[in-house]
Amino acid sequence: MDEDTPQDPADVDSTLWTDRYRPKRFTDLLGDERVHRSALLWLKEWDQCVFKGSNSKTSGAAAELKRERRKKRARDGKFDGAADAGDGEQAADPFGRPHEKILLLCGPPGLGKTTLAYVLARQAGYQVLEVNASDDRTGKVVEDRIRNALESRALTMDGGMAGNKPTCVVVDEVDGAGGGGESSFVRTLVKLVTEGSSTKKYKGKGKKDRPLLRPIICICNDLYAPVLRPLRPLAKIVRFSPPTNTMLVSRLKNICTEEGLGADAKNLTMLAEVAEGDLRSCLNTLQFIKRRSTIVDEAAIRSTVVGLKDTGTSSTQVIERLFKKPPRKKGGGGTDDRYVNRIVRDVQTSGEYEKISQGCFENYLGARQLTDTWPRILEATDWLFLYDRLDGRLRSDRDYELLAYVPYAFVPWYKLFSSHTSATMEFPKTDYEAYLKRVAHQEIVQTFTASMPHALKTLFTGPNIVAELLPLLNRIIAPDLKPVNSQLIKAEERAVMLKLISTMLGMKLSFVQDKNEDGQLTYKLDPPIDVFIHFDGKRASDMAPSRYAVRHLITREMEAEEIRRSQGEGVTNNASDIIAAYNMCA
Amino acid sequence: MSLLVDKWRPKTLDELAYHEDLSERLRALAQTDFPHTLFYGPSGAGKKTRIMCTLKELFGPGVDKLRIEQRTFLTPSKRKIEINVVQSNYHIELTPSDAGNWDRSVVQEVLKDIAQTQQVDLNAKKRFKVVIINEADLLSRDAQSALRRTMEKFTANLRVILCANSTSRIIGPIRSRCLLLRVGAPSEAEICKVLAYAAKKERLSLPEHVATLLARISQGNLRRALLSLEALHTQDPTFKTVSASHSLLTGTKQSASDLDSVPRPDWEKYAGRAAEKILGEQTPERLLEVRGMLYELLVHCIPAPLIISTISKRLMDRVDEEIKADVVYWAAFYEHRLRLGSKPIFHLEAFCARIMSVYKQHLLGIGFD
């Protein structure tokens with residue numbers, strides 16, 4: 001831009017093309033019509049609540065009637081929880097609102113989510129209040145603003161401005177609303193929605209307990225952003241996918257014709273591909289090109305899109321791209337030899353290296369390989385090692401300079417395992433599940449070690465407890481006893497049992513009564529160190545199954561023994577003494 | 001009341017069943033000024049038992065009065081960590097590796113605490129107290145450095161006994177300050193002797209072949225042999241399930257079922273099954289199956305290096321002579337990686353993949369590249 005001399009003020013006007021060609025009507029929208037329609041349907045569901053009751057709201061009698069009805073419902077106990085009305089009670093919503101009070105539009109940028117929200121609101125007869133990331137979005141501010149906006153209609157109606165439309169709040173970029181805690185934006189929003197649905201609270205008539213009577217549309221890019229977690233179950237979720245290239249190109253073509261920009265379908269297709277279906281970025285690019293020339297050619301596109309979009313690629317997407325080759329381009333030029341930079345960029349923008357490594361690890365064996373199976377697998381493990389090594393250094397030594405190399409550890413996976421067939425990628429979760437289980441098991445070990453006798457504590461340390469003591473101890477405390485009356489027991493069995501009881505007491509192990517899934521009573525070991533002889537959910541084969549009656553017997557004997565010990569009689573080894581003591585206790 | 005392992009544990013140097021020359025030396029040392037020592041040797045060889053016997057020799061029966069204290073330490077980052085400490089009037093026993101990354105603060109605080117107070121008991125035979133540090137080879141470098149100066153400075157009040165599996169991870173300065181005492185694993189015959197002794201004390205008849213079998217599978221780990229004896233006895237009081245002609249005893253080639261029919265810890269059997277799976281079929285699908293088993297082992301808190309060594313030992317029993325060297329090489333290779341990295345499952349799987357590849361090539365008769 002060395003010179004700034006507009007030839008024609010009308011030609012170089014200040015509006016962006018994206019604004020100029022923003023769809024005004026529902027039929028103008030580009031993309032999957034089903035998506036648009038489902039969003040519209042949701043908004044229409046509000047009509048009953050927003051428009052039907054509007055004229056009756058002025059009369060106090062109708063409101064009274066409504067309140068009466070609500071009270072009755074509250075008495076019936078249908079709505080006494082703060083929980084939202086269930087599916088079956090959708091029609092029974094006291095205000096005639098749809099089941100989900102919030103619409104959540106999600107999808108990558110530039111597909112027209114905001115546009116859709118505006119078009120829908122207009123179509124359904126609302127005025128829009130937009131709250132976006134540029135506004136102050138602390139919980140408090142938002143609560144006041146949204147509440148005022150949503151409840152302002154009654155005032156304007158009273159003022160006789162019949163032409164005024166009800167408000168629909170559009171919360172743009174809701175995933176960018178940071179901050180956790182009680183007063184965060186999303187929580188406030190959730191509170192706004194759930195509070196109203198509890199009719200009991202409404203009786204309190206506090207200003208803050210007023211129910212939500214207007215639709216709220218939220219827009220986000222990443223549906224699974226952690227901040228949205230509380231919102232997701234309350235919202236109707238509508239996902240956007242990029243429009244097909246043909247649709248996109250024909251729309252671009254129309255716009256180019258209108259703007260007097262020469263462009264052929266091939267170049268526009270390329271533009272659409274580079275932008276990954278992002279209509280906004282296509283339009284911006286075209287407008288930019290228009291400033292310099294009147295024709296769109298490949299060189300022009302290449303030169304403008306150097307600074308590609310900096311969208312956060314999610315780790316799942318990255319993993320998918322590592323294992324799936326992009327569709328072959330028609331008409332030659334389909335060599336995919338520039339994958340290194342592409343992958344590195346993807347990986348870097350995602351930033352979730354650990355997740356990606358896990359995703360690679362969990363998916364690579366399922367990838368289709370025609371030849372050289374083992375060399376490929378071995379090479380892959382080498383790259384995993386590189387990643388692990390770098391990651392370890394990063395963490396332990398805080399050598400963050402190494403971070404630059406990490407993305408390159410993922411590049412070879414593409415070469416090794418990508419294919420054109422779309423394999424189903426599994427979200428990496430095995431490792432996390434294993435981690436959780438291991439932590440649980442470690443806790444069992446800790447509980448057990450804490451109550452171990454002193455002498456054993458000096459004998460077994462660290463991994464020896466798990467590797468040696470626990471598996472064998474499990475066998476030591478599981479002798480083959482028969483479930484007979486303790487008074488009929490044979491002398492040698494009695495000795496075995498006494499030994500068992502003293503061992504278990506010494507280790508502070510016990511059996512606690514519990515019910516299994518079938519409702520049967522069982523005795524479980526506590527602390528449950530028997531998990532260490534369960535592999536693949538099966539108990540060790542060389543051990544007799546524990547019988548309820550036996551454990552019951554042992555438990556009673558242990559209780560008797562404990563009472564005896566607390567009475568200070570010490571351990572008795574004489575069988576007849578035991579029986580006598582047992583009879584006393586029983 | 002207690003387990004066999006603990007019940008007949010030697011309490012004095014005279015009762016120790018093997019390594020008599022070592023016992024003799026310890027006795028001589030206890031008479032004079034006792035130095036800082038480092039006991040090292042494989043697991044279950046009797047290091048701890050020897051240490052306790054030596055303490056008894058040093059201080060008399062007072063060391064048997066043990067108590068457990070829970071101590072709280074404050075790390076430099078103001079985090080509280082709790083650690084269990086076993087102690088008597090004369091000694092204190094620490095396992096600093098329990099504190100993970102904070103082992104340095106534990107070592108510093110406890111040692112200073114002890115070093116700065118004198119022996120309270122005027123009747124004590126020695127003027128110093130003893131600090132036993134378990135798993136000294138797992139101490140971080142920081143913690144070991146923290147130890148070295150204290151060891152020199154407070155020799156008047158304090159002796160340190162370190163207990164480790166290997167000296168390789170102990171830093172040089174510490175090694176040079178200690179008297180190194182190696183406690184080797186007992187031989188099979190020695191284990192048999194101890195087993196027979198314990199059996200006699202317990203008044204149970206232990207056939208000789210059972211003792212030999214237990215000694216053999218415990219691989220020089222006396223503690224494990226005794227535990228196995230008790231476990232086996234509980235399940236099978238007459239030892240009738242162990243046949244005298246077991247292939248492990250006769251030395252013939254062992255089948256998979258033979259290796260599983262001896263009393264071993266469950267995880268070891270499971271690892272053995274994983275090894276069999278590796279040899280059974282070499283496909284990515286099978287590797288996936290093996291991965292599940294590896295995860296299962298890790299979930300059961302089995303340390304990853306132990307998994308590698310167990311699997312490779314089992315493989316060694318089963319593969320042909322020609323590729324045994326490769327198995328060992330790769331086991332070492334991947335265990336090295338394991339120790340460098342932080343994600344054990346990657347390297348365990350890589351090891352299994354490598355073995356599958358090597359084994360397949362061997363089966364197909366293709367040379368190695």
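Here is how names work: the chains are called A, B, and so on, in the same order as the sequence lines, proteins then strands, and each is numbered from 1.
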Side chain, backbone, both or neither: which part of B:Asp64 has a heavy atom under 4.5 Å from chain A? neither

Please classify the contact of B:Thr283 with chain A as side chain, backbone, both or neither, using a heavy-atom distance under 4.5 Å. backbone

In terms of heavy-atom pairs under 4.5 Å with chain A, which of B:Thr234, B:Leu138, B:Thr95 leads? B:Thr234

Counting only heavy atoms not in B:Arg67, do more than 12 fall under 6.0 Å of its CZ? yes

Return each pair, listed once, that meets salt bridge (Lys or Arg N to Asp or Glu O under 4.0 Å) where at least one residue sits in residues 283-292 of chain B; pairs must be two or more places apart or across chains. B:Lys277-B:Glu289, B:Glu281-B:Arg286, B:Arg286-B:Glu289, B:Arg291-B:Glu349

How about B:Gln87 and B:Glu69: does a side-chain donor come under 3.5 Å of a side-chain acceptor? yes

Which one wins on heavy-atom pair count under 4.5 Å against chain B: A:Thr381, A:Leu472, A:Ile477, A:Ile501? A:Leu472

Mind checking whether B:Trp330 and B:Phe333 have parallel, tilted or perpendicular rings, split at 30° and 60°? perpendicular

Turns out that what part of A:Glu379 lies under 4.5 Å from chain B's heavy atoms comes down to neither

A cation-pi test, strictly: NZ or CZ of B:Arg223 under 6.0 Å from the centre of the six-membered ring of A:Phe460 and no more than 45 degrees from its axis. Yes or no? yes

Residues forming a side chain to side chain donor-acceptor pair (under 3.5 Å) with B:Glu202, sequence neighbours excluded: B:Lys7, B:Trp8

Side chain from CB out, backbone as N, CA, C, O: work out which of these in A:Glu362 comes under 4.5 Å of a heavy atom of chain B, or both, or neither. both

Which region of B:His347, side chain (C-beta onward) or backbone (N, CA, C, O), has a non-hydrogen atom less than 4.5 Å from a non-hydrogen atom of chain A, or is it both or neither? side chain

A:Leu416 side chain reached by A:Ile377 side chain, heavy atoms, under 4.5 Å: no

Count the heavy-atom pairs under 4.5 Å between each of B:Thr49, B:Leu288, B:Val299, B:Leu287 and chain A, then report the option with the highest count. B:Val299

A:Glu468 and B:Glu268, any side-chain heavy atoms less than 4.5 Å apart: no

Do you know which of B:Ile68, B:Ile302, B:Leu232, B:Leu297 has the most heavy-atom pairs under 4.5 Å to chain A? B:Ile68

With a 4.5 angstrom heavy-atom cut-off, is it the side chain or the backbone of B:Ser43 that approaches chain A, or both, or neither? side chain

Which atoms of B:Gln282 come close to chain A, meaning under 4.5 Å heavy atom to heavy atom: side chain ones, backbone ones, both, or neither? both

Top residue by heavy-atom pair count (under 4.5 Å) with chain B, among A:Thr430, A:Val496, A:Asp431? A:Asp431

Which bit of A:Leu384 is near chain B, if near means a heavy-atom gap under 4.5 Å: side chain, backbone, both or neither? both

Checking heavy atoms, do the side chain of B:Lys48, its backbone, both or neither come under 4.5 Å from chain A? side chain

Flag the one option from A:Ala434, A:Ala380, A:Gly392 with the top tally of heavy-atom pairs under 4.5 Å to chain B. A:Ala434

Close side-chain approach of A:Leu322 to A:Ser418, heavy-atom, < 4.5 Å: no

Under 4.5 Å from a heavy atom of chain A, the part of B:Pro303 involved: side chain

Between B:Tyr295 and chain A, with a heavy-atom cut-off of 4.5 Å, which part of the residue counts as in contact: side chain, backbone, both or neither? side chain

Check whether any side-chain heavy atom of B:Pro42 lies under 4.5 Å from a side-chain heavy atom of B:Asn221, and answer yes or no. no

Which bit of B:Leu306 is near chain A, if near means a heavy-atom gap under 4.5 Å: side chain, backbone, both or neither? side chain

Proximal component of B:Glu296, with respect to chain A [non-hydrogen, under 4.5 Å]: both

Min side-chain heavy-atom separation B:Ile132-B:Leu94 under 4.5 Å: no

Looking at A:Asp382, A:Leu469, A:Leu500, A:Val439, which has the largest count of heavy-atom pairs under 4.5 Å with chain B? A:Asp382

Does the side chain of B:Ile345 reach to within under 4.5 Å of the side chain of A:Phe361, using non-hydrogen atoms? yes

Counting heavy-atom pairs under 4.5 Å with chain A, the top scorer among B:His233, B:Arg354, B:Gln70, B:Met356 is B:Arg354

Before we go on, tell me: are the rings of A:Tyr387 and A:Tyr353 under 6.0 Å apart, centre to centre? no

